[in-house]
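Sequential numbering from 1 along the given sequence is applied to the chain's residues.
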Amino acid sequence: MTSIRLDKRDLILAKGSQVMTRRGYHGTGVQEIVQAAGIPKGSFYHYFASKEDFALQALEHLYQPRLERYAQALANPALSPCQRILAYYRDLLAHFSSREKPEYHCFIGSLGYEMAELSPAIGAQVEGILQGSVDILQACLEEAVAAGELPADEDCANLAAFIANAWQGVLTRLKVGGGTTPMNAFVDRLELLLRA
């Protein structure tokens, strides 16, 4: 019974977050979420106390696995620390470049822009996820310093924040139809930044 309950919750989170990403938090009602998931409206409230609770759980559902994948990629023992970082972003560039029409619909970006000031809980969760990404990157950069790939006096916290913030800007440009040119520029500059 618990497995069925979790599966249904996961379905609602996956389908509902897709709708909310495209329509925005305010443009999405519980009715649109349950229609996308193909469940009765009453079922929504078995899993979520409110639309805000849904958004908070959706952030966790979508981004915890992504942070885990990012951490695994940046801990790959087959590559040096700087190579891990560059390989990760080159793979993303290849992924988007292979699409006929590169576009990106970012749940955390859309929700953060719309709701961070209006809902302290959502704002804090968005910030926590973004900071988690920075922390993973910082740890890898610190390994790069220890390995002699970066200068001993490199400010890894600042560099990690800079790279992460620049990447968020790239995703925004991709979302508004900038194509992969900003992404190429990001990867080119990242290669220069990470040269010893």
Side-chain angles (χ1 to χ4, degrees), residues 17 21 55-99 102-117 120-196:
S17 62
T21 299
L56 291 167
Q57 290 191 47
L59 283 166
E60 178 75 18
H61 176 77
L62 291 173
Y63 289 96
Q64 192 56 45
R66 291 182 191 185
L67 287 175
E68 289 168 9
R69 287 193 300 271
Y70 189 49
Q72 287 171 355
L74 296 196
N76 180 358
L79 300 173
S80 74
C82 284
Q83 288 173 336
R84 293 173 209 158
I85 296 166
L86 289 170
Y88 179 82
Y89 288 102
R90 285 179 186 139
D91 285 349
L92 287 174
L93 174 60
H95 168 75
F96 284 108
S97 296
S98 69
R99 295 179 171 190
E103 59 182 356
Y104 185 70
H105 299 285
C106 177
F107 182 67
I108 195 169
S110 298
L111 198 57
Y113 294 141
E114 188 178 358
M115 293 301 297
E117 291 181 8
I122 290 175
Q125 185 129 350
V126 167
E127 177 58 29
I129 291 165
L130 294 176
Q131 187 58 49
S133 175
V134 172
D135 294 344
I136 291 165
L137 181 55
Q138 181 180 338
C140 190
L141 290 167
E142 288 168 353
E143 284 187 51
V145 169
E149 288 188 291
L150 292 173
D153 62 350
E154 180 64 68
D155 183 344
C156 294
N158 178 268
L159 182 56
F162 175 79
I163 293 168
N165 291 337
W167 179 249
Q168 287 302 313
V170 167
L171 295 178
T172 299
R173 292 285 303 276
L174 192 59
K175 184 174 175 65
V176 298
T180 57
T181 301
M183 197 172 283
N184 279 295
F186 170 86
V187 171
D188 289 346
R189 179 55 57 180
L190 188 61
E191 287 172 351
L192 293 173
L193 276 173
L194 297 183
R195 275 203 313 226

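Here the closest heavy-atom approach between residue V145 and residue C156 is recorded as CG2-SG, 3.6 Å. Pairing each heavy atom of A121 with each of L56, the nearest pair is O-CD2, 3.5 Å. The shortest heavy-atom contact between L130 and Q168 is CD2-NE2, 3.9 Å. Contact between P182 and V170 at its shortest, heavy atoms only, is O-CG2, 3.8 Å.
Contact check for H61 versus F107: no side-chain heavy atoms found under the 4.5 Å cut-off. Inter-residue side-chain proximity for L79 and L86 is flagged as unmet; no heavy-atom pair is nearer than 4.5 Å. With a 4.5 Å cut-off on side-chain heavy atoms, T172 and Y113 count as touching. Residues I163 and F186 form a side-chain contact, since some pair of their non-hydrogen atoms from C-beta on lies under 4.5 Å apart.
Using cut-offs of 30° and 60° for the angle between ring planes, the Y89 and Y70 rings count as perpendicular.
Not counting sequence neighbours, the partners of D155 by the side chain to side chain contact (heavy atoms under 4.5 Å, CB included) test are A157, N158.
Looking at Q72 and E68, their side chains never bring a donor and an acceptor atom within 3.5 Å of each other. Between the side chains of Q131 and D135, at least one donor N or O lies within less than 3.5 Å of an accepting N or O.
For the atom pair CD of E143 and CG of L74, the computed distance is 9.0 Å after rounding to the nearest 0.5 Å.
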Between E154 and L141, does a side-chain contact (heavy atoms from CB on, under 4.5 Å) hold up when you go through it step by step?
CA-CA 9 Å; E154 180 64 68; L141 290 167; over 6 Å; no
Checking E149 against R195 for the salt bridge (charged side-chain N to carboxylate O under 4.0 Å, His left out) test, could you report, in this order, the C-alpha distance in whole Å, the side-chain angles of both residues, the deciding distance, and whether it holds?
CA-CA 7 Å; E149 288 188 291; R195 275 203 313 226; over 6 Å; no
